[in-house]
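Each remark here refers to the structure printed beneath this line.
Numbers restart at 1 for each chain; the letters A, B, ... are given by sequence-line order, proteins then strands.
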Amino acid sequence: MALLKGTLDVLVLKTLSWGPMHGVEITTWLESRSDGKIDVTDAALLQALHRLEERELIAAEWAITDHGRRARYYRLTSAGRARLRAESTALIDHVKTLTAILTARSAET
Amino acid sequence: MSPQRDRDRDAFRAGVRRLFKLPLFTRAAARADADAELDAFLAERIDRLVLSGLTPADARAEALRRLGSPEGDARLVLRRSAQRRQRHQWLRQAAADLREDLRIAVRRFAHSPAFTATALLTLAFGIGANTAIFSAVHGLLLAPLAFPNGNRIVMPMQENDRYRGDSRFERRNMAGALIEAWQQRTHTVEDIAAASEDMFSLDADGTIDTLTSAVVTVNFLPMLGVEPLVGRGFSPGDVVRHGPPNVAVISEALWRQSYAGRSDIVGRTVTLDGRPLAIIGVAPAGLNIPLSHKTPPDMWVPGALTDAVDGGTGSLDISPSVFALLRPGVSVDVASRELESIAAGVPHAAGLGGRLRVMRAQDFVNAGETRALEVLFAAVGALLLTACATVANLLLARAWTRQREFAIRGALGAGRRRLARQVLTESMSLALAGGLLGIGVAGLTLRVIVALRPPGLDRLADVHIEPAVLLWTLVVSVLTGLSFGCAPAFFAGLHPVGDVLRREMRGGSAGVISRRVRSTLVVLQIAASLALLVASGLLVRSFAALQRMPLGFEPRGLLYADVLIAGTREQRGTIRDEIIRHLQSLRDVTGVSIGVMPGKGWLGGGVEAEIDPEGHTADVPALGTIMMSPGYLRVARIPLLAGRLPDSTSFSSLGPAGWSSEVLVNRALARRLWPAGRAIGAHLREKPFPGRPPAPWSTVVGVTSDTRIPGESGDVAAYQVYTIDRLVSEVPFVVRTTMSGDDAAPIVKRAITAVDPHIFARPILSGDTYLRDGLAPTRFAMSLLTAFGVVALALAAIGLSGVIAYSVSQRTREIGIRLALGADPSRVVRHVVSGGLGLVALGIALGAAAALAATRALSSMLYGVGAADPPTFVAIALLVGAIALVASYVPARRALRIDPAETLRAD
């Protein structure tokens, strides 16, 4: 499933609201939560992470993974948390409106 | 270097930075970080895929597939975003640091208001004086021609053969034929215009005034790029050949003053020397050429370009200046060569002789009385130096007391760089705040300067603090902040923590380096203030000498009126005699004569003289000629040193050319031509013009004293010939009154114009005014230099007393012990003071050397005193020494109040 424009950022923020994760963990989490329906390329995800970091919505730090590898771990900043709240509310409203319109039954059926 | 090694190196550097928890400072580090992240991501992905059962090769293929784009592309994109992120973070960090530093700085300044106020005031004065003088320098020297094409205007000039070898007498006369040849053939010059100047009496709505006016060719205003503010410029139809002009463009200043800036100005009539003129336009402010007068013209009238050499057939025949507009990108040299080669082909121009010279109009303006400004510019530089030294000293004193703070902050992890930046931020914010205050000080200083300005620098009144000047202030403030901030910044990072804290514990005397730096600064301050005061001292002595200068005549109460008389020769003669009678009848007038103000003269051609009975001749290239009536010497009170006055009938024998058959010479000319003292009875005549018959010889019948006006160029008055006058159309009068010249001028003017309505008296000039104006440039430079010098000395005294106070506070224990052991208190004070006196002596010696080097530049402004005048140097050195002694004695006395028991208990 292709993502709606601009929703990847909020999904990443949501993912990180569960705790600090590195790139592979984030994409794995998204995949499992969407039953594999969300399909984001790894390159796009990494870019999104950089973009969010530049806006200081998330912060990064190098650390060691469970498998003993080094990885760049991302965590939500307080600005990111606030943004997540605002964006997800707006997005949910938006989706509700779309759903209402698209599921309305026309008069003749 | 291979990409792989490149990457390895970056990764290594990034690793080192991570190890020390440093932020990613460089683009390369950001790039390495992005690479490392991608590599780690892929490795993790592959690990997981292998765990889920894929072979390593398949896992790798799958990982790359999931990446979504070729690995190389993905890597590039990530590097770019990482670098952008790094730049962003760096800026954010820098801004945050700056905010923090500023917050600390402001808090700290608020904590020590006395220090802050002293530093700010010092800086405001230093920067303010600098800004004010730079405004003047900028307005007068750097951008004097404030109209669109100002920087492309050049002035071709021709040296006159008659004055060859004497560059002071270069003329700007130019043959009309030559100008026309240039106009037709040039490729380097866009346009050529000519202008000549004169003074007129203007009758505008009943008020008679005198103004500077210029006759210009029709293309003059468009060539300069000047558009009239109101109305129109000249058109070819405005030129009246063989007659006076009938239209005029007036200056913005005249429009505002005499017509209150009325919008219906166009079409109004003014009367210029009795002729009606219609005003057709108003020129914008800043149009200050032609340039031969010190004040910008008030009015421009159109004239035809005529042949100046042939005597002129139209209006532009009085020494016209030629102005040419260079094509964009053409250098003065190139244009000069081209104009020269064209001139070589014009026969008439060759007849005039002389070498052609092309000069930028801007440089021509600057050739005038700008020495005072240059000197003042150097002086404010010295003042700013002492201001910097003062503030650096204050900051160093604080830096020392803050060493403990820095040491502790350093121990807590603040880097040297960070601490130095904190100190620099403080200095910078101090300097910029000082600069801001300085703009206010500059405004006030500029007002004082304008009020004090000498007549030669009248253009100063138009000087304002402009954007370019504010930019200068900013640059000066930043440089100032850097210069006085560097020393403390250096010290902030200098001392290892342990040292400082240990030293504190011991309470010993510390800060040898800091004290040395502060002492050096004090020496600099003393030297700079001494140099400034020596310069002002020399000017004070010059001023006194100028006031005592033997003038050779009595200027006070002497008036000079230049009168134009219309009518036939006989009518004019009658009116002239009538004016004399009328003036003599005035109650306060004791004498009237024909002649110009002594010391002014009319600079004429050279003279040729028989210098011995054998008929050998000698010549003098140029001299002043005074046309006079026999009463002249009595009215002007010029002593006749030898011989007798010329016979008043002696001119009639000569015909229209040449001087009267009997003349007087001044003593300087007599000594130059006849050193053996046989002037009386000798013959001389005007040096022959090329291609004209020589004038008849005249006989010297008497020798007068030399006359001079202070401040006037000595060239005119150095050598004088006095000859009986036979002019009737433009007659100079000198009038001796019992009143001051200023009071008498209007009375004399009314008396002259009352004789006949067709008389136009140019402004009445009084000897008193000449005297005052002659002294003005010296008084101007003297007042400002003295003010700067006094401020600098005060700053030096503050600096010195700070250093002494500091040394007393550092040596409290030592002094306490001495006193406890029974030392004589006065000896202790002497001991402390003598430490300061070494600095003073060094400062005075250095300052004297600097002054010796610098005052040479002043020598053209000095009169009656040498640039290395020993009494001035000694007096100023004593003054500085005395002030320094007081400045060190006051804090030294504090040593006496030290209680020995107290100091020993303190530890």
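- By number of non-hydrogen pairs under 4.5 angstrom with chain B, the leading residue of Thr41(A), Thr65(A), Leu49(A), Asp42(A) is Asp42(A).
- His50(A) pairs with exactly one of Gln83(B), Arg84(B), Glu37(B), Arg79(B) by the side-chain hydrogen bond (donor to acceptor under 3.5 Å, both in side chains) rule, that one being Glu37(B).
- Looking at Arg87(B), there are no atoms closer than 4.5 Å to chain A (heavy atoms on both sides), in backbone or side chain.
- Minimum interatomic distance between Val24(A) and Phe41(B) (heavy atoms only, all atoms of both residues): N-CE1, 3.3 Å.
- Just one of Glu53(A), Glu54(A), Glu56(A) meets the side-chain hydrogen bond (donor to acceptor under 3.5 Å, both in side chains) condition when paired with Arg85(B); it is Glu53(A).
- The shortest side-chain heavy-atom distance between Arg66(B) and Thr27(A) does not fall under the 4.5 Å cut-off.
- Other residues, nucleotides and ligands contribute more than 12 heavy atoms inside 6.0 Å of the CZ atom of Arg45(B).
- Heavy atoms only, all atoms of each residue included: Gln47(A) and Leu78(B) are closest at N-CD2, 3.8 Å.
- Neither the backbone nor the side chain of Arg80(B) comes within contact range of chain A, judged by heavy atoms closer than 4.5 Å.
- Looking at Leu51(B), the atoms closer than 4.5 Å to chain A (heavy atoms on both sides) all sit in the side chain, from C-beta outward.
- Ranked by heavy-atom pairs under 4.5 Å with chain A, the first of Ala40(B), Ala43(B), Ser69(B) is Ala43(B).
- Atom OG1 of Thr28(A) and atom CZ of Arg48(B) lie 4.5 Å apart (nearest 0.5 Å).
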